[in-house]
Amino acid sequence: MANDYQFWMGGILATQLEEITDDPKKVDQGGFWAALISFEGVRTFARFSKVEEREFLQSQWEPIGTSWRSSLDRNSYINYVSRTREAISEGGVYQVNACRELSNKVEDGSLTLDGLFSKLLQENPAPYASYLNIPGIEIASASPELFLSRSGSAIKTSPIKGTIRENETAFGEKDKAENLMIVDLIRNDLGRICKPGTVDVSELFRHEKHPGLVHLVSDVAGELNENTTWEQILSATTPPGSVSGAPKSAALSIIAEHEVAPRGPYCGALGWIQGDRAELAVAIRTFWNTGDEWLRFGTGAGITWGSQPAQEWEETQLKARNLISIAGGTL
C-alpha cells in the first residue's frame, strides 16, 4: 500500500500502512492498529508498520470563506428536541444525544485536512486530538473525551456530559443528572466484560477546562475478564454512551428517526490499539472528508426532560463556534 497514509495521536506517529480490515480478530493478533468505529458500528482497523514518537508535521490551512449548512435547521432541531422530550415523558427513554451535521463544499477540489489539524493543535489543543488519513477517509479531530483506555486488564472510560462557557462557574442540576445517567449506563456496559465487583466510578463530576468551554467529566474503570477479545470489548461499549443516550437501544431508535444524515465517524471511536494497550477517543469536535468536495463537522447536545429546546440549539452552536472559526466560514 502507499506509504503517504498516516495516523497521529498524543505524540505517536504511525506510517507505512500495511493492511486495512474490519475484523477485530486480526487486531487481537498484535501490531499497531489505528482504529475507527463509526457511530453506526462500521469498523475500520488500519495496521501501520512504523510507529515513532514525533510531533505532528505542521502544514498550512487556507480558511474557508463560505457559510456552513446544517442537516437540521433551527426549527427542525427544536422539533427534534421537543419530540424527544415527549418520548422521555412517556417513560421509554431518559436521555438522548441529539446531533446535526454541518457541511461546507470546498470548490477547488484539493481538500486535505493535515493543515486544518495543524491549526487545531495550535488554536484548540485537546487531550485526545488525532489525525487519520487512510483510503476513503481523512479525519482531523480535536476530541476532549476519552472513550476507552486499556493497559493489560485495566480499562477506563471518561464520559463528558455537561457543558458551560468558560466564564461560568457552576453546572446545573440538569447537567449533573445527565452525567449520572450516562455513568450508570457505562457501568452497565463495562459490567458485561469486566470481572464482577471491579467496575467502579473512580471520579464523579470532575471539571475540565477546554478552549472556551468547561466540561463535566466522570471516570468509570474496571478489570477485564480473562481472555477478553477486542470483539467483545467493542460490542459491549459502542457506540459510546455519552453520545447516544440511556437506555442506549431506545435512544438509538429516536436518533435514527430524527437525524437525516448518518453520523459516520462523528460520535464514533477513534484512536489506536496495540495488543492489550489502547487509547480511543470519542470522535467529537471532529472534521472529516470521505474523498469528495465536502468538509463535514458534527455538533450535538444531550436532551433530558429538563431540556429547553431553544437552549439546546444554542448549545450545539456554542460547541461548534470555536472549531468552525478555526476552519473558516460562518454558521
Side-chain angles (χ1 to χ4, degrees), residues 39-41 72 76-101 143-148 157-164 170-192 199 201 203-208 213-220 236-259 263 266-269 281-285 298-320:
F39 183 77
E40 291 77 23
L72 296 172
S76 298
Y77 187 83
I78 285 175
N79 179 65
Y80 178 7
V81 175
S82 298
R83 295 285 299 276
T84 300
R85 290 183 72 249
E86 290 174 10
I88 293 170
S89 72
E90 294 167 359
V93 69
Y94 306 107
Q95 195 266 1
V96 176
N97 199 64
C99 297
R100 57 192 177 96
E101 180 188 282
S143 175
E145 182 172 355
L146 175 67
F147 171 51
L148 283 178
T157 180
S158 301
I160 289 175
K161 283 277 86 164
T163 303
I164 57 176
F171 288 91
E173 291 306 311
K174 173 197 176 275
D175 289 320
K176 294 177 181 178
E178 189 179 354
N179 191 292
L180 196 58
M181 277 188 276
I182 298 306
V183 164
D184 285 341
L185 181 150
I186 289 173
R187 287 176 62 194
N188 182 67
D189 285 352
L190 292 188
R192 297 165 58 190
V199 178
V201 182
E203 189 165 8
L204 187 67
F205 299 161
R206 181 176 72 254
H207 291 199
E208 279 191 4
L213 304 170
V214 180
H215 288 309
L216 192 64
V217 186
S218 296
D219 296 330
V220 186
T237 57
T238 57
S242 64
V243 287
S244 50
K248 192 181 287 188
S249 59
L252 292 176
S253 295
I254 292 172
I255 288 168
E257 179 183 351
H258 292 283
E259 294 185 20
R263 295 187 187 180
Y266 174 60
C267 290
V282 179
I284 55 174
R285 316 288 198 273
T299 186
I303 311 305
T304 67
W305 170 245
S307 294
Q308 298 299 315
Q311 291 179 11
E312 299 298 344
W313 167 265
E314 290 304 321
E315 180 169 325
T316 69
Q317 292 284 89
L318 170 66
K319 289 176 177 176

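Side chains are part of it too, since the values below use all heavy atoms of this structure and drop only hydrogens, waters and symmetry mates.
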S.K.: Measuring only between side-chain heavy atoms, which start at C-beta, is Gln95 closer than 4.5 Å to Ile303?
M.R.: no
S.K.: With rounding to the nearest 0.5 Å, note down the distance linking CD1 in Ile88 to CH2 in Trp305.
M.R.: 8.5 Å
S.K.: Assess whether a salt bridge exists between Arg83 and Glu90, defined as any Lys/Arg side-chain N lying under 4.0 Å from an Asp/Glu carboxylate O.
M.R.: no
S.K.: Of all heavy-atom pairs between Phe39 and Leu252, which one has the smallest distance, and what is that distance?
M.R.: CZ-CD2, 3.5 Å
S.K.: Answer with yes or no whether the side chains of Ser218 and Asn179 bring together a donor and an acceptor at under 3.5 Å.
M.R.: yes
S.K.: Less than 4.5 Å apart, side chain to side chain, heavy atoms only: is that true for Asn188 and Asp184?
M.R.: no
S.K.: Check the pair Ile160 / Ser242 against side-chain contact (heavy atoms from CB on, under 4.5 Å), numbers first and verdict last.
M.R.: CA-CA 6 Å; Ile160 289 175; Ser242 64; 5.8 Å; no
S.K.: Are the side chains of Lys161 and Leu216 in touch, meaning some heavy atoms are under 4.5 Å apart?
M.R.: no
S.K.: Please report the C-alpha distance between Ile255 and Val96 in whole Å, then the side-chain angles of each, then the deciding distance to 0.1 Å, and finally whether the side-chain contact (heavy atoms from CB on, under 4.5 Å) criterion is met.
M.R.: CA-CA 8 Å; Ile255 288 168; Val96 176; 3.9 Å; yes
S.K.: What is the ring orientation for His258 with Tyr80, classed by angle as parallel under 30°, tilted 30 to 60°, or perpendicular over 60°?
M.R.: parallel
S.K.: Could you report the tightest heavy-atom contact between Glu40 and Arg263, atom names first, then the distance?
M.R.: OE2-N, 2.8 Å
S.K.: Please name the pair of heavy atoms, one in Pro159 and one in Ile182, separated by the smallest distance, quoted to 0.1 Å.
M.R.: CB-CG2, 4.1 Å
S.K.: Among Gln311, Gln317, Lys319, which one satisfies side-chain hydrogen bond (donor to acceptor under 3.5 Å, both in side chains) with Glu315?
M.R.: Lys319
S.K.: How close do Pro247 and Gly92 get, counting heavy atoms only, and between which atoms?
M.R.: CD-O, 4.0 Å
S.K.: Considering only heavy atoms from C-beta outward, does the side chain of Phe171 approach that of Val214 to under 4.5 Å?
M.R.: yes
S.K.: Taking the side chain as C-beta and beyond, is there a heavy-atom pair between Phe205 and Asp175 under 4.5 Å?
M.R.: no
S.K.: Side chains of Asn97 and Ser244: do they bring a donor and an acceptor to under 3.5 Å?
M.R.: no
S.K.: I'd like to know if Arg206 pairs up with Glu208 as an ion pair, taking the criterion as any Lys NZ or Arg NE/NH1/NH2 lying under 4.0 Å from an Asp or Glu carboxylate oxygen.
M.R.: yes
S.K.: Would you check if there is a donor-acceptor pair between the side chains of Arg85 and Ser307 at a distance under 3.5 Å?
M.R.: no
S.K.: What is the distance from atom OG1 of Thr316 to atom OH of Tyr77, rounded to the nearest 0.5 Å?
M.R.: 5.0 Å
S.K.: For Phe147 versus Thr238, what's the shortest heavy-atom pair and its separation?
M.R.: CZ-CG2, 3.7 Å
S.K.: Looking at every heavy atom in both Ile254 and Ala87, which two are closest together, and how far apart are they?
M.R.: CD1-CB, 3.7 Å
S.K.: Flag the pair Pro144 / Ile284 as yes when at least one side-chain heavy-atom distance between them is below 4.5 Å, and no otherwise.
M.R.: yes
S.K.: Yes or no on side-chain contact (heavy atoms from CB on, under 4.5 Å) for Thr157 and Leu190, after CA distance, side-chain angles and deciding distance?
M.R.: CA-CA 9 Å; Thr157 180; Leu190 292 188; 4.1 Å; yes
S.K.: Using side-chain contact (heavy atoms from CB on, under 4.5 Å), reason through Ile186 and Val199 one step at a time and then give a plain yes or no.
M.R.: CA-CA 10 Å; Ile186 289 173; Val199 178; over 6 Å; no
S.K.: Side chains of Val243 and Val282, heavy atoms from C-beta outward: is any pair under 4.5 Å?
M.R.: yes
S.K.: Within the 4.5 Å heavy-atom criterion, are Ile164 and Leu213 side-chain neighbours or not?
M.R.: no
S.K.: In Å, rounded to the nearest 0.5 Å, how long is the span from CD of Glu203 to OG of Ser158?
M.R.: 8.5 Å
S.K.: Using modelled atom types and a 3.5 Å cut-off, is there a donor and acceptor pairing between side-chain atoms of Glu259 and backbone atoms of Cys99?
M.R.: yes
